[in-house]
Amino acid sequence: MLIKLLNTKETAEILSVSEAFLERDRWAGARIPFIKVGARAIRYRLQDIEKYIEDNLCYSTSEGSA
């Protein structure tokens, strides 16, 4: 099974956030799981991004604080 890994730019585009948002998320404890490839490269699995979206689905602004 081939798993497509996305870089930070691609992930930011999918989530409609900045790359800096994802960098801060990794620094602060990573609500969005990521993979370190080598010493510097960061990648994200599409399935983890999809799960993050589903887990943060809200129906009211009073729900959650993610």
Side-chain angles (χ1 to χ4, degrees):
M1 181 168 104
L2 181 64
I3 297 174
K4 172 140 173 79
L5 298 178
L6 305 169
N7 64 30
T8 300
K9 181 178 181 178
E10 294 167 324
T11 302
E13 289 174 1
I14 290 170
L15 294 174
S16 298
V17 299
S18 68
E19 292 179 54
F21 172 87
L22 293 172
E23 291 166 5
R24 285 190 304 271
D25 180 68
R26 291 192 305 264
W27 183 82
R31 292 178 295 169
I32 306 168
F34 64 94
I35 298 164
K36 282 185 77 171
V37 180
R40 296 179 49 116
I42 300 295
R43 298 292 182 264
Y44 294 86
R45 296 186 308 179
L46 183 57
Q47 67 194 52
D48 292 331
I49 298 166
E50 292 169 341
K51 183 173 181 340
Y52 173 79
I53 291 168
E54 288 299 317
D55 290 349
N56 287 281
L57 183 63
C58 298
Y59 295 95
S60 167
T61 55
S62 64
E63 289 181 57
S65 60

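Keep in mind that what you see is a predicted model, and the values were worked out from it rather than measured. Just so it is clear, the values below take in all heavy atoms, side chains as well, and ignore hydrogens, waters and symmetry mates.
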Review point. So how far is it from I49 CD1 to I32 CD1, rounded to the nearest 0.5 Å?
Key: 7.5 Å
Exercise for review: State plainly whether one hydrophobic cluster holds both L15 and L57, where clusters connect Ile, Leu, Val, Met, Phe, Trp and Tyr through side-chain heavy atoms under 4.5 angstrom apart.
Suggested key: no
Review point. Considering all heavy atoms of both residues, which atom of Y44 and which atom of N7 are nearest to each other, and what is their separation?
Key: CD1-O, 4.3 Å
Check your understanding: Heavy-atom distance under 4.5 Å between the side chains of V17 and T11, does that happen here?
Key -> no
Revision key, fill the gap. Looking only at heavy atoms, the pair that brings L5 and R45 closest together is CD2-CG, 3.7 Å
Exercise for review: Measure the shortest side-chain to side-chain distance between N56 and R31 over non-hydrogen atoms and say whether it is less than 4.5 angstrom.
Suggested key: no
Point to revise | Heavy-atom check, side chain of I42 versus side chain of K36, under 4.5 Å | key: yes
Exercise for review: Enter the distance from E19:CD to E13:CD here, rounded to the nearest 0.5 Å.
Suggested key: 8.0 Å
Exercise for review: Could I get the full list of side-chain hydrogen bond (donor to acceptor under 3.5 Å, both in side chains) partners for D55, not counting sequence neighbours?
Suggested key: K51
Exercise for review: Could you pull out the closest heavy-atom pair between L22 and A12, with the gap in Å?
Suggested key: CD1-N, 3.5 Å
